[in-house]
Amino acid sequence: MADSPKIIFYFDTASSFSYLGFEFMERYRALWNIPVDYRPFVLTDVMAKAKNSFSPYKLPYLFQDIRRTSAITGIPFKGVPKKYPYDSSVALRTLHHIKNVHADLLPEAMRRLWRMEYVECRAPESPEDVKEALAGLVDANVVDTAISMPETLDAVTKNTEDVKKIKGFGAPTILAFKPGQPKPQFFFGSDRFEHLAIYLEKDFFPMKQLFASPSI
């Protein structure tokens, strides 16, 4: 049972809705003054376990939906890389390592990788890509260290298995812990923040207002 409210946010950099959900989560993290534990996991493994596959009709709608959200919120989105989805293992392992050694830099590192992907339309797949995306934020050797450490692979694998155990099927997968409740509540997607706010008894704002107000 949680002593205070907190959120676990499982994400994959190769997930466009993780990107949108992260930008909403960062706004609410500050607004709600609540700790958020960002945990990288492998979305394709979870989708395979859940037998969750994309309809050929769904992807075009998905990206149109993201463009609509981008127009309302100002979250940058230009498109997707030619190679999509891509192997996000280098990015995920690097982010886990940054979380351990430079936790305060983690949100900005996540944002930079997503901006490379959805604004520059380049997949942050190779070590060189990830180093370029994070240049000026962390040293290049942080990436080399991350992908050489078995611990980072183990951590991402464990996060992936944890999402499977709670019967997750996509990204972002969000767990909300509330004082007085024996178990966390499961929320899926980038558009469930009203539900999350009601459950945690926090303020909620429509997306246009949330992203338009400098005080929020």
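Being a predicted model, the structure only gives us computed values, none of them experimental. Throughout, numbering of the chain's residues begins at 1 and tracks the sequence.
- Within 6.0 Å of the CG atom in Asn141, the count of heavy atoms belonging to other residues, nucleotides or ligands exceeds 12.
- Residues passing the side chain to side chain contact (heavy atoms under 4.5 Å, CB included) test with Lys78, sequence neighbours excluded: Val119, Cys121.
- Judged by distance alone, with hydrogens and angles left aside, the side-chain atoms of Lys178 form a donor-acceptor pair with the main-chain N or O of Tyr199 at under 3.5 Å.
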Which pairs of donor and acceptor atoms, one on a side chain in residues 162-173, lie under 3.5 Å apart (sequence neighbours left out)?
residue: Asp162; atom: OD2; partner: Lys158; partner atom: NZ; Å: 2.8
residue: Lys164; atom: NZ; partner: Glu161; partner atom: OE2; Å: 3.1
residue: Thr173; atom: OG1; partner: Gly170; partner atom: O; Å: 2.7

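- Closest approach of Met116 and Asp129 over heavy atoms only: CE-O, 3.4 Å.
- Between Ala176 and Leu200 the shortest heavy-atom distance is CB-CD2, 4.3 Å.
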Do any side-chain atoms of residues 9-17 form donor-acceptor pairs under 3.5 angstrom with protein atoms, and if so which ones, sequence neighbours left out?
residue: Tyr10; atom: OH; partner: Arg39; partner atom: NH1; Å: 3.4
residue: Asp12; atom: OD1; partner: Ala14; partner atom: N; Å: 3.0
residue: Asp12; atom: OD1; partner: Ser88; partner atom: OG; Å: 2.8
residue: Asp12; atom: OD2; partner: Leu43; partner atom: N; Å: 2.9
residue: Thr13; atom: OG1; partner: Tyr86; partner atom: OH; Å: 3.2
residue: Ser15; atom: OG; partner: Ser18; partner atom: N; Å: 3.0
residue: Ser15; atom: OG; partner: Ser18; partner atom: OG; Å: 3.0

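- The closest donor-acceptor contact from the side chain of Ser148 to the backbone of Thr145 lies under 3.5 Å.
- Listed here is the closest heavy atom pair of Arg93 and Ile147: NH2-O, 3.2 Å.
- Following chains of ILVMFWY side-chain contacts shorter than 4.5 Å, one cannot reach Val101 starting from Val156, and the two form parts of different hydrophobic clusters.
- In this structure, Pro40 and Asn159 have side chains that are in contact, with non-hydrogen atoms separated by less than 4.5 Å.
- A cation-pi geometry, defined here as NZ or CZ lying under 6.0 Å from the six-membered ring centre and within 45° of its normal, does not hold between Lys99 and Tyr38.
- The heavy-atom pair separating Ala91 from Leu113 by the smallest distance is CB-CD1, 4.1 Å.
- Pairs passing the ring-ring contact (aromatic ring centres under 6.0 Å, His included) check and including a residue from residues 122-147, sequence neighbours excluded, do not occur.
- A 4.5 Å side-chain heavy-atom check between Glu125 and Pro81 finds every atom pair outside the cut-off.
- In this structure, the side chain to side chain donor-acceptor pair (under 3.5 Å) partners of Glu132, at least two apart in sequence or on a different chain, are Arg122.
- A distance of 7.0 Å separates CG in Leu95 from CG in Leu134, rounded to the nearest 0.5 Å.
- In this structure, Glu26 and Phe22 have side chains that are in contact, with non-hydrogen atoms separated by less than 4.5 Å.
- By the 4.5 Å heavy-atom criterion applied to side chains, Thr94 and Ile98 are counted as neighbours.
- Here the shortest heavy-atom pairing between Met25 and Ile7 reads CE-CD1, 3.6 Å.
- In this structure, the separation between CD1 on Ile198 and CZ on Phe204 is 8.0 Å, given to the nearest 0.5 Å.
- Of all heavy-atom pairs spanning Ala133 and Arg112, the tightest one is O-CD, 3.3 Å.
- Distance check: Leu20 CG to Asp65 CG gives 8.5 Å after rounding to the nearest 0.5 Å.
- The distance from the CZ atom of Phe186 to the CG atom of Leu175 is 7.5 Å, given to the nearest 0.5 Å.
- For the pair Arg27 (side chain) and Met207 (backbone), a donor-acceptor distance under 3.5 Å is absent.
- When side chains are defined from C-beta on, Phe177 counts as touching Ile8, because their heavy atoms get closer than 4.5 Å.
- Atoms OG1 and CD, on Thr69 and Gln64 in that order, are 10.0 Å from each other to the nearest 0.5 Å.
- Evaluation of the ring pair (Phe, Tyr, Trp, His ring centres under 6.0 Å) rule for Tyr28 yields Trp32, Phe193 as partners, not counting sequence neighbours.
- One distance of note links OG1 of Thr73 with NZ of Lys208; it measures 11.5 Å at 0.5 Å rounding.
- Counting heavy atoms from C-beta on, the side chains of Phe63 and Phe77 come closer than 4.5 Å.
- Val42 and Met149 are assigned to two separate hydrophobic clusters, defined by single-linkage of ILVMFWY side chains at heavy-atom distances under 4.5 Å.
- Using a 4.0 Å cut-off between charged nitrogen and carboxylate oxygen, Arg111 and Glu108 count as a salt-bridge pair.
- In this structure, the side chain of Ser70 does not engage the main chain of Ile66 through any donor-acceptor pair within 3.5 Å.
- Taking the side chain as every heavy atom from C-beta outward, Val143 and Glu128 never approach each other to under 4.5 Å.
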